[in-house]
Amino acid sequence: MSVDKDTVRRIAKLARLALEEERVEPMVQELNGILNWVEQLKEVNVDGVPPLTSVVEHGLKMRDDVVTDGNVADALMVNAPGGEDHFFVVPKMVE
Amino acid sequence: MSSNGSKYIQGSTGPWEIVIGLEVHAQILSNAKLFSGAATEFGAEPNSQVSFVDAAMPGMLPVINKKCVEQAVRTGLGLKAKINLFSVFDRKNYFYPDLPQGYQISQYKSPVVGEGEVLIDLPNGETARVGIERLHMEQDAGKSLHDQHPDHSYVDLNRSGVALMEIVSRPDMRSSEEAAAFLKKLRAIVRYLGTCDGNMDEGSMRADVNVSVRKPGAPLGTRCEIKNVNSVRFVGQAIEYEARRQVDILESGGTITQETRLFDSRAGETRSMRSKEEAHDYRYFPDPDLLPLVLEQAWVDNIAASLPELPDEKRARFIAMGLSAYDATVLVAEKESADYFEAMLAAGADAKASANWLNNEYFGRLNKAGLAISDGPVAAAANSAIVQMVSGGVISGKIAKDVLDIVWAEGSDPRTIVESRGLKQVTDTDAIETAVDAVIAANPDKVAAAQAKPQMVGWFVGQVMKSTGGKANPASVNAILKKRLGLPEEG
Amino acid sequence: MALPSNPTDFTLAEAREAVSSKKISSRELTGAFVKAVETARPLNAFVTETSDRALDMAVASDARIAKGDIRPLEGLPLAIKDLFCTKGVRTTAGSNILSNFVPPYESTVSQNLWDAGAVMLGKTNMDEFAMGSSNETSYFGPVTSPWRARASNAKMVPGGSSGGSAASVAANLCLAATGTDTGGSIRQPAAVSGTVGIKPTYGRCSRWGIVAFASSLDQAGPMTRTVRDAAILLKAMASVDPKDSTSVDMPVPDYEAGLEAGVKGLRIGIPKEYRVDGAPPEIDALWSQGAEWLKAQGAEVVEVSLPHTKYALPTYYIVAPAEASSNLARYDGVRYGHRAKNARDIIDLYEKSRGEGFGSEVKRRILIGTYVLSSGYYDAYYLRAQKLRTLIARDFTQAFQKCDVLLTPATPGPAFAIGEKTADPVSMYLNDVFTVTVNLAGLPGLAVPAGLTAGGLPLGLQLIGKAFDETTVLRVGRAVETAANFTAKPERWWRAA
Ligand SMILES: [Mg+2]
Ligand SMILES: [Zn+2]
């Protein structure tokens, strides 16, 4: 499998990454270089092999239902590039 | 589900069947969020119930709230569903300002709850089964406010990370009434279970409604999904509108495009969500910050053992006590009314008499006053006392209504009211005879008429009751009158 | 113990002894390192220097020492990779998108260090979001290795992504440093910089407060000048953290205690698949030498097989970018970080902020990750890679039935010149060929300096252990260290600047 310019534009859109038009063709080359290289995984028969998503062998630890956090609105706003009255501010969205 | 002709909608080419499936998002009742220790209360100051985890600050990690898992399992058990001892949290990736992580943690391939069912009670007294496909846990998103500023939207993350159960039904419903009944029943079940407050006004429960139409017996049509409908009434309206819209399109030779639509409650119509110009590709994959959720059967069994009696079982028990199916259905529809009814029984009243009293008298008054049962001014013990006084012949049914009015207005004890105001029923035969004789003596013309036409005895009963201030025992009055007028005992 | 005359030449263990026995005050020791850091600015090893804070912390430590209240790392100056969130101190992850981010919280690992009495000298430079093997992808410019090839002035890379930490440790700008390792980012820079680095078992150090790259692979670990120092620092960094669901509930052993136990009777596995075509003969020679050293000390050397080794890197380059593409979605210019000016609408704000905020390697990996997870490609790439991961992990399980620890080269070669490999992403990725398997299997891996190339550049050996058996890994590492007796230090050429 390999990608073309349209695919790169579509993925960039999905990933919300602005990609200058002159970067599209080089990116096609770079991604195809990587994709061709990972293609070797197809040599391996993985029938019946379960996927490994975590190496940790225990199940999920659970915490108690206690309020231990929050009330940090000031701290949340310290790094906010647009913050007003404890709200995060973004350009107007239309539904 | 039985398909009955009256559910079809009529088009110019004949009848059409509506096929409906619901995805209900129900907020899990918990103190803290699904993956953080921030509070979940409704209506807090903007961004006050937000932890660094909820705001997706760099390096923050989710840790699951055990209570939320328990609540989801409890709900699954209440839906008679299969509990999956192994389930997985996935990331659903998309960008939106109220989704700080850029993904929602949800359960996609392996939900915690599998197939179950809900029995719905239809207006015609029938019961129908709606299949549950699955229930999974996920995070709620924050809220964007668009009307605070001409050029800006404001983002409040208080809801971000609140635990939701997404309950997905099978496309088993065939009318807006059935969909409404399903939603009501589901709400009743989660309220009985204490797993969701069911408060649709505050967004604790909202439904995505999938609607398609087809000719009876034809394969399933293309469906449209109406997102985030937030009241039972709107669900009904949205379905009616959407089904009609689809029938109109199909009958004029068009085709239905699968899409997401919004319900505009002011206009009463559904609209395409045009803003979603690109196809979604959520790139689900298992969340590597979380491990699979592995439950022990014993833990699930413990939850099962602690399950309260649910509406269907309660309804069956009430019917076994002698209630009509209708009365039982009405009483179990809200946990509060069933509890109230049972409190009356616990205080000594008869089941059937209590059910009649509530459904005929008390609930009507509450309705008129616009009060919820929990806000009503009359305690279950008081209504129980009134019903017991009627059954015991202490007061008449008519006086009972007056006593209820007094308790409603003044809040005093019904037995004291009856005692102090002399409302006790007169069962003393001498006193009733005296009153009967007085009425006969005063109306000789009516006596002749009554002897010719025995139904006229009712007029005499009324006069006697009037003269005794309603306190005479109507049965005694009737018997004595018949004797005095020379009418047969029965008839 | 005979201490070096210059306090910046102390090992962590020596400094611990000197400070707690009041041979030197923390203030004096810290002052020397603050000066060394300033002098070494040409290396570009630090993104942020926290000299004032360091001196304050040192003074506080001296006060505790005066009262006899001495914690395990009391008054010892360390450098922190700029991937660990430090409360009130800018944390950039080497990226423009976080170039002004000041966390209002402290990572669990760094908090553990401060709780143990350590002193923070500053935040070290790194590849952007830890994506790189040469420290050339940093928004703050590349780090220059203190090492130079013999008779050359060419600027060499320190390895990556923990290149600033490796350079700082190698150049004696700190007693030790923290690193993180997703595919080799501790061990690879340690090896090419002549220092020691251990990536502990996944779940041993908390990931809470560390800017995430690939969550199922990321682990923090120490970077030091000696194996003993690594044992000391790992003990302080590791903990069981209720804030990290993948933190494992196992007590942290005293790694230092068993360090000198020797290797007699231990079985050392030599995985035959690590002998790769085209690797410099020096690598093979060093590897054989390592086996000989251990054999000479009483270990038994056995050949083992890890048949899926060649698939580890391509597997990694699907799994890691996939997780990264999702982990980096939160950098959207809304709540913190770089926000583009004059965005037309919200989508434009996202695209421009991320387009301006991320460098090209990060973009490349986000795009690859997005692609392999996208509809129609998930099974072919991501799911297949996860299955390969199972096979790779099984290889290790089987190998460890025959041996106690594995010995491998740490890198396929020595450090290279800055700019030498930047043109071809895949050739750059190959630097992690010996380290990445360990991350996929979640095992502990240690890089120990073992020799110099003919050109005078350091090379390391790697020891791989069973899960949570850092004790044995460190003990064998100590044996290699003793035998190798690696005493070379880079010339301090940067002081002339
Ligand atoms: Mg849904
Ligand atoms: Zn949902």
Side-chain angles (χ1 to χ4, degrees), chain B residues 35-37 47 50-66 89-105 108-109 142 144 146 151-157 160 275-293, chain C residues 83-85 91-93 97-98 101 103-105 107-108 129 203 206-212 214-218 241-247 319 322-323 325-337 346-347 349-351 354 369-378 382-383 386:
Chain B
F35 293 115
S36 90
N47 287 308
V50 180
S51 71
F52 298 138
V53 175
D54 307 316
M57 302 293 270
M60 295 298 95
L61 297 171
V63 181
I64 199 164
N65 182 337
K66 185 173 191 175
F89 285 97
D90 298 288
R91 292 184 182 180
K92 177 180 182 179
N93 295 282
Y94 66 96
F95 287 87
Y96 207 72
D98 61 20
L99 188 75
Q101 292 153 311
Y103 54 83
Q104 178 195 35
I105 305 178
Y108 180 56
K109 277 198 185 126
S144 304
H146 308 298
D151 309 319
H152 299 150
S153 290
Y154 286 60
V155 181
D156 173 15
L157 299 178
S160 163
S275 59
K276 307 270 186 271
E277 82 273 17
E278 53 169 318
H280 283 297
D281 187 342
Y282 291 124
R283 289 157 285 137
Y284 286 99
F285 74 107
D287 190 330
D289 286 332
L290 294 163
L291 300 164
L293 180 63
Chain C
L83 202 61
F84 294 81
C85 288
T91 299
T92 69
I97 212 157
L98 285 177
F101 177 66
Y105 47 88
S107 82
T108 297
F129 282 101
S206 169
R207 294 184 298 114
W208 194 88
I210 301 174
V211 175
S215 309
S216 77
L217 303 162
D218 297 345
D241 189 357
K243 293 188 287 189
D244 175 358
S245 301
T246 61
S247 161
V319 173
E323 292 183 13
S325 71
S326 177
N327 281 338
L328 270 56
R330 65 188 57 200
Y331 306 104
D332 57 7
V334 172
R335 296 165 315 287
Y336 50 79
I346 184 68
I347 293 179
L349 177 88
Y350 287 147
E351 293 179 346
R354 291 165 61 78
T370 303
Y371 181 70
V372 299
L373 289 175
S374 69
S375 167
Y377 301 98
Y378 181 90
Y382 187 72
L383 190 62
Q386 296 285 49

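Each chain gets a letter, A, B and so on, in the order its sequence line appears, and its residues count up from 1. Note that the structure is predicted; figures quoted are calculated from it, not measured.
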| query | Counting distance only, does the side-chain N/O of B/Asn47 pair as donor-acceptor with the main-chain N or O of B/Val155 below 3.5 Å? | reply | yes
Heavy-atom cut-off 4.5 Å, strictly under: side chain, backbone, both or neither for [X] against chain B?
| X | value |
| --- | --- |
| C/Leu217 | neither |
| C/Ala93 | neither |
| C/Phe84 | neither |
| C/Asn327 | both |
| C/Pro242 | backbone |
| C/Arg335 | side chain |
| C/Ile210 | backbone |
| C/Ser206 | neither |

| request: Decide yes or no on ring pair (Phe, Tyr, Trp, His ring centres under 6.0 Å) for C/Phe101 and C/Tyr331, but give the supporting numbers first. | output: CA-CA 11 Å; C/Phe101 177 66; C/Tyr331 306 104; 8.3 Å; no
Pairs of heavy atoms under 4.5 Å with chain B: top-ranked of [options]:
| options | value |
| --- | --- |
| C/Tyr105, C/Tyr378, C/Tyr382 | C/Tyr105 |
| C/Ser245, C/Ala212, C/Ser325, C/Ser326 | C/Ser326 |
| C/Arg330, C/Lys243, C/Gln386 | C/Arg330 |

Got a second to check how far [X]'s [atom1] is from [Y]'s [atom2], nearest 0.5 Å?
| X | Y | atom1 | atom2 | value |
| --- | --- | --- | --- | --- |
| C/Trp208 | C/Asp244 | CH2 | CG | 11.0 Å |
| B/Arg283 | C/Ser374 | CZ | OG | 8.0 Å |
| B/Asp90 | B/Asp287 | CG | CG | 8.0 Å |
| B/Phe35 | B/Ile64 | CZ | CD1 | 4.5 Å |

| said: Would you say that C/Thr246 contacts B/Leu291 through its side chain, given a criterion of any heavy-atom pair below 4.5 Å between the two side chains? | reply: yes
| Under a 4.5 Å cut-off applied to non-hydrogen side-chain atoms, are B/Pro58 and C/Thr91 in contact? | no
| request: Against chain C, work out which of B/Ala55, B/Pro62, B/Gly102, B/Ser36 has the most heavy-atom pairs shorter than 4.5 Å and name it. | output: B/Ala55
| remark: Tightest non-hydrogen contact, residues B/Ser144 and B/Tyr96, listed as OG-CE2, 4.3 Å
Contacting region of [X] [heavy-atom separation from chain C under 4.5 Å]:
| X | value |
| --- | --- |
| B/Tyr284 | backbone |
| B/Phe95 | both |
| B/Asp289 | both |
| B/Phe285 | both |

| task | Determine, step by step, whether B/Lys92 and B/Tyr108 satisfy the side chain to side chain contact (heavy atoms under 4.5 Å, CB included) criterion, reporting the C-alpha distance in whole Å, the side-chain angles of both residues, the deciding distance to 0.1 Å, and the verdict. | result | CA-CA 8 Å; B/Lys92 177 180 182 179; B/Tyr108 180 56; over 6 Å; no
